[in-house]
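See structure below.
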Amino acid sequence: MNAILVGAAGEKAACNYLKKNKYKILDKNYRKPFGEIDLIARRGETVSFIEVKTRRSTEFGLPCEAVTYAKRRRLIRTAYAYIEETGLDANYSFDVIEAFHEDGKIKSVRHIQNAFGVE
């Protein structure tokens, strides 16, 4: 299975996890020229801007460790664009969902709420 299919499987698993945990998916793959947000979801009064990272192993570190400073800055900038575009008036968080892929399927999902903040 190639990297694009592994990533798509991770995003699908992340959506299923969020729905099971009473989140409403507001948007998927929200794009602007300067960045992309994999998932935007709401639970209660909080909107979560979520980066999904899927890995086949931890040989090069945990999936969340791939969310670099530069990636966080792009996510924040893109989230601000979404907030402005939609007129969103809510609390928000920046989360990471790690999906672990093995033997052709997602074996586990880990949701890291408030993984980072606005510096």
Side-chain angles (χ1 to χ4, degrees):
M1 186 176 276
N2 70 32
I4 292 171
L5 293 175
V6 169
E11 286 189 21
K12 183 176 180 182
C15 280
N16 291 338
Y17 167 88
L18 291 168
K19 289 175 185 174
K20 192 184 322 180
N21 285 280
K22 302 189 183 336
Y23 282 82
K24 179 183 179 195
I25 306 298
L26 302 177
D27 212 335
K28 297 178 186 176
N29 304 113
Y30 176 80
R31 286 185 175 90
K32 289 293 176 189
F34 41 80
E36 176 187 0
I37 300 171
D38 293 328
L39 299 170
I40 302 172
R42 179 180 212 127
R43 183 168 75 172
E45 297 300 314
T46 302
V47 172
S48 298
F49 298 97
I50 303 164
E51 176 70 9
V52 179
K53 288 294 182 189
T54 307
R55 294 291 181 269
R56 295 178 188 168
S57 78
T58 57
E59 181 179 350
F60 299 106
L62 293 172
C64 66
E65 294 172 329
V67 184
T68 63
Y69 176 78
K71 178 65 175 174
R72 291 191 305 266
R73 298 302 307 154
R74 287 192 303 275
L75 284 165
I76 291 166
R77 184 174 178 201
T78 308
Y80 283 152
Y82 180 86
I83 290 166
E84 186 176 317
E85 187 176 289
T86 62
L88 180 69
D89 184 21
N91 298 319
Y92 57 89
S93 68
F94 294 97
D95 301 357
V96 174
I97 293 183
E98 297 180 319
F100 297 93
H101 188 274
E102 186 180 314
D103 298 327
K105 58 186 167 186
I106 300 297
K107 292 291 187 174
S108 65
V109 172
R110 183 171 79 123
H111 185 188
I112 305 166
Q113 297 175 317
N114 295 303
F116 60 92
V118 179
E119 290 107 27

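Computed from a prediction, not measured in an experiment: that's the story for all the values here. The first residue of the sequence shown is numbered 1, and numbering continues consecutively from there.
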Checklist entry - How many angstroms lie between CD in Glu51 and SG in Cys64, if you round to the nearest 0.5 Å? => result 11.5 Å
Checklist outcome for this item: Residues Ala66 and Arg55: closest non-hydrogen pair is CB-NH2, 3.1 Å
Item to check | Closest non-hydrogen atom pair, Thr54 against Gly10 | outcome: OG1-CA, 3.2 Å
Next on the checklist: In this structure, would Val47 and Ile25 fall into the same cluster of hydrophobic residues linked by side-chain contacts under 4.5 Å?
Outcome noted: no
Item to check | Set of residues satisfying side-chain hydrogen bond (donor to acceptor under 3.5 Å, both in side chains) with respect to Tyr17, sequence neighbours excluded | outcome: none
Item to check | Other ILVMFWY residues reachable from Phe100 by side-chain steps of under 4.5 Å | outcome: none
Next on the checklist: Please identify which of these residues, Ile50, Leu26, Asp27, meets the side chain to side chain contact (heavy atoms under 4.5 Å, CB included) condition with Leu39.
Outcome noted: Ile50
Checklist entry - Does Phe34 CZ have over 12 foreign heavy atoms under 6.0 Å away? => result yes
Checklist entry - Crowded around Lys20 NZ? As in, over 12 foreign heavy atoms under 6.0 Å? => result no
Item to check | Side-chain touch Arg43/Leu18, heavy atoms, less than 4.5 angstrom | outcome: no
Next on the checklist: Could you report the tightest heavy-atom contact between Ala9 and Ile106, atom names first, then the distance?
Outcome noted: O-CG1, 3.7 Å
Checklist outcome for this item: Contacts of Phe94 meeting ring-ring contact (aromatic ring centres under 6.0 Å, His included) (sequence neighbours excluded), chain-then-number -> Phe49, Tyr92, Phe116
Checklist outcome for this item: Between the CD atom in Glu102 and the CZ atom in Arg56, the distance rounded to the nearest 0.5 Å is 12.0 Å
Item to check | Within-4.5 Å side-chain heavy-atom neighbours: Leu62 and Arg110 | outcome: yes
Checklist entry - Can you list every salt bridge (charged side-chain N to carboxylate O under 4.0 Å, His left out) pair that touches residues 4-14, not counting sequence neighbours? => result none
Checklist entry - Is atom NZ of Lys24 surrounded by more than 12 heavy atoms (other residues, nucleotides or ligands) closer than 6.0 Å? => result no
Next on the checklist: Show me the pairs that pass side-chain hydrogen bond (donor to acceptor under 3.5 Å, both in side chains) and involve residues 74-84, at least two apart or across chains.
Outcome noted: none
Checklist outcome for this item: So CD1 of Ile83 and CD of Glu85: to nearest 0.5 Å the spacing works out to 11.5 Å
Next on the checklist: Using every non-hydrogen atom in the two residues, find where Glu45 and Ala90 come nearest and quote the distance to one decimal.
Outcome noted: O-CB, 3.6 Å
Item to check | Note: Arg31-Glu36 ion pair, threshold 4.0 Å (strictly below) | outcome: yes
Item to check | For Ser48, all residues meeting side-chain hydrogen bond (donor to acceptor under 3.5 Å, both in side chains), sequence neighbours excluded | outcome: Ser93, Asp95
Next on the checklist: Within the supplied structure, the quantity of interest is the number of heavy atoms (other residues, nucleotides, ligands) at a distance under 6.0 Å from Asn21 CG; does it exceed 12?
Outcome noted: yes
